[in-house]
Amino acid sequence: MSSLTVTGGRALSGEIRLQGAKNSALPILAASILSAGETVIENVPDLTDVDAALEILKHLGCKTEFTDRTVWVDSTTLTRADIPDGLMRRMRSSVLFLGPILARTGEATLSMPGGCELGPRPIDLHLAAMERLGATVEERGGNLICRAPKLRGARIDLTAPSVGATENSMIAASGAAGVTLITNAAREPEIRDLGCFLAALGVRVRGAGTSTVTVEGGRLRDRARYRVIPDRIAAATYIAAVAAARGRIALRGICERDLTAVSDAFRQMGVCLLYRGDTLLVSAGERIGPPLTVTTRPYPGFPTDAQPPLMAACLRAPGTSVFVETIFENRYRHVPELLRMGADVRVDGRVAIVRGGRPLHGAIVAAPDLRGGAALAVAALMAEGETRIIETRHISRGYEDMARDLRALGAVAETED
Ligand code: UD1
């Protein structure tokens, strides 16, 4: 079992370059099979979720190479239209292959996706969108069998702005005949990025990143090259690390406009953020606060993925911070682990009350999920003594090498296998 050991108490200093966005790379990798041809995707983070996506591509018959954060996919040789259960369970984003497989082959067979256990994460909106585009969906023996000899552009009114359902709809619509109008679309920057990738493939996309997206399917190019945007959640995590540990660091390769709600929250608690081109200078002193009240919301609101690291940072701010989680039901799984480190947090349904300013101490804690694991690393930086985080496979799904990055920022952090 691998673990991450962090010795707390050191102020951070140094600089790191941000990894590419996991949540952009995954839908773009899925969309790469839309046309039979070669795609080169740059700035792809080296993560286990990316490995899972590459495994799916290989299973489908594509050729792939991944070197130096660049993925090459040759999808001319795609022969299959199914994803086996073992691969589906490795991550939730495997469901993003539904739209592209259907668009490319006219059928798709897959089971329910896995991923972090953040509460019920149904895929009803994905399936309803495929049906709107003319697919039939049948459930048999735990498998979903989707068929659509020909997808047709349609109006898709999403009942909730789901990120994944918006992406699946955009990708499937790219392979459909005619125009698709998606309303109540999610507006996350990663959707804007997917739209730019689809445009590089020759799809006419308008409004990606706004709540109304139109996609005009048609002839696609058989070659595309694209670079994914920086990871705003990794950025939020390292800002939280400075808030927790104190110090001054530089984050390179950042996109300021995607971080507005995150920047507002950290500035409110006294963290100094200076954007200089694509570099962000982050500094935090001995005193931070006042405590925060944070409600997670779909973009442009405060991201649910940044809630756990921010909560960990709030443990240093004297007073009571309040979190309201509106996206996922089970997104406080890091709290029992933080309590082992001496934190004072009370959870009542979707609300968490954090009493900050108490000293934390090192402990053995288990990463409950991806961002919950990141929160434990942030808390460990301010704790007295050594914190050993086990179950780090969750963290590796979304961070290239957290120990490497923390060490580059002057922290004492080691990984053990
Ligand atoms: C994506 C992100 C994830 C982030 C989340 C919310 C990726 C790879 N993952 O996940 O990091 O936390 O957005 O910003 O981009 N829902 C349904 N039915 C559906 C689909 C979703 O009820 O068919 C619900 C979910 O259970 C959840 C909410 O909608 O409560 C938001 O989910 P969604 O936006 O789809 O998140 P993901 O795309 O899974």
Side-chain angles (χ1 to χ4, degrees), residues 20-31 44-45 47-50 52-53 56 88 90-99 110 112-132 137 144 146 156-172 182 184-194 197 208-209 211 228-229 231-237 258 261-262 295-310 325-333 350 369-375 394-395 397-399:
K22 166 178 91 75
N23 290 353
S24 273
L26 296 175
I28 289 173
L29 283 169
V44 176
L47 307 170
T48 53
D49 269 10
V50 167
I56 292 175
M88 283 302 294
R90 276 181 62 183
M91 62 168 178
R92 171 152 174 97
S93 299
S94 44
V95 74
L96 295 174
F97 281 86
L98 173 61
L110 29 92
M112 290 299 279
C116 289
E117 290 163 25
L118 305 175
R121 292 177 88 177
I123 56 166
D124 53 321
L125 302 176
H126 298 247
L127 299 179
M130 298 306 124
E131 285 178 334
R132 290 291 306 152
V137 180
L144 291 166
C146 303
I156 300 172
D157 297 310
L158 292 173
T159 49
S162 152
V163 174
T166 303
E167 292 167 341
N168 237 334
S169 304
M170 286 168 62
I171 301 171
I182 306 165
N184 199 22
R187 291 178 281 168
E188 269 66 3
E190 294 76 19
I191 290 171
R192 179 190 79 221
D193 207 31
L194 172 65
F197 171 72
S211 49
V228 305
I229 56 172
D231 196 313
R232 65 194 168 99
I233 305 301
T237 304
D258 297 342
V262 166
T295 302
T296 62
R297 301 251 184 240
Y299 192 85
F302 190 86
T304 174
D305 287 356
Q307 173 262 109
L310 174 63
E325 171 61 50
T326 71
I327 311 291
F328 292 115
E329 274 179 30
N330 211 354
R331 198 133 218 187
Y332 291 132
R333 297 174 74 226
R350 290 184 175 252
D369 50 48
L370 166 55
R371 306 304 170 185
H394 293 295
I395 300 178
R397 290 188 36 226
Y399 297 86

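Excluded from the calculations below are hydrogen atoms, water molecules and symmetry mates; all remaining heavy atoms, backbone and side chain alike, are included. Whatever order the structure lists them in is the order used to number ligands and atoms, beginning at 1.
Nearest heavy-atom pair across R350 and I327 is NH1-N, 4.0 Å.
Not a single N or O atom of P161, backbone or side chain, sits closer than 3.5 Å to an N or O atom of ligand 1. Residue contacts with ligand 1: L96 is placed with no nitrogen or oxygen under 3.5 Å of a nitrogen or oxygen of the ligand (distance criterion only). Here's the thing with K22: none of its N/O atoms is less than 3.5 angstrom from an N/O atom of ligand 1. Below 3.5 Å of separation, one finds no N or O of A165 facing any N or O of ligand 1.
Counting only heavy atoms from C-beta outward, the side chains of P303 and E188 never approach each other to under 4.5 Å. Between Y399 and L370 there is a side-chain heavy-atom pair separated by less than 4.5 Å.
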How far apart are the C-alpha atoms of I171 and L194, what are their side-chain angles, what is the distance that settles it, and do they pass the side chain to side chain contact (heavy atoms under 4.5 Å, CB included) test? CA-CA 9 Å; I171 301 171; L194 172 65; 4.0 Å; yes
Assess the residue pair M91 and L26 against the criterion (side chain to side chain contact (heavy atoms under 4.5 Å, CB included)); give the C-alpha distance rounded to whole Å, side-chain angles, the decisive distance to 0.1 Å, and a yes or no. CA-CA 10 Å; M91 62 168 178; L26 296 175; 4.2 Å; yes
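No part of M91 comes within 4.0 Å of ligand 1, judged by heavy-atom distances. For E329, no heavy-atom contact with ligand 1 is shorter than 4.0 Å. By the criterion of a heavy-atom distance under 4.0 Å, the side chain of T304, and not its backbone, is placed next to ligand 1. Residue I327 touches ligand 1 through backbone and side chain together, judged by heavy-atom distances below 4.0 Å.
Taking every heavy atom of R92 and a limit of under 4.0 angstrom, the matching atoms of ligand 1 come to 20 (C), 21 (C), 39 (O). Annotation for ligand 1: atoms under 4.0 Å from non-hydrogen atoms of R331 are 12 (O). Listed by number with element, the atoms of ligand 1 under 4.0 angstrom from any heavy atom of I123 are 19 (C), 23 (O). Within ligand 1, the atoms closer than 4.0 Å to a non-hydrogen atom of G164 are 35 (O), 38 (O), numbered from 1 in the order shown. Atom numbering of ligand 1 starts at 1 in the shown order; those under 4.0 Å from a heavy atom of S93 are 8 (C).
Contact annotation: A160 has no heavy atom less than 4.0 Å from any atom of ligand 1. Contact annotation: H126 has at least one heavy atom less than 4.0 Å from an atom of ligand 1.
The structure places CD1 of I233 at 9.5 Å from NZ of K22, a figure rounded to the nearest 0.5 Å. Atom CE of M170 and atom CD1 of I182 lie 6.0 Å apart (nearest 0.5 Å). Note that CG of D305 and CZ of F328 are 7.0 Å apart. Values are rounded to the nearest 0.5 Å.
With hydrogens and angles ignored, the 3.5 Å screen pairs no side-chain donor or acceptor of S169 with any backbone N or O of A129.
The pair E190-R232 meets the salt-bridge criterion, with a side-chain N (NZ, NE, NH1 or NH2) lying under 4.0 Å from an Asp/Glu carboxylate O.
Counting heavy atoms only, D305 comes closest to atom 3 (C) of ligand 1 of the residues N330, D305, N168, L158.
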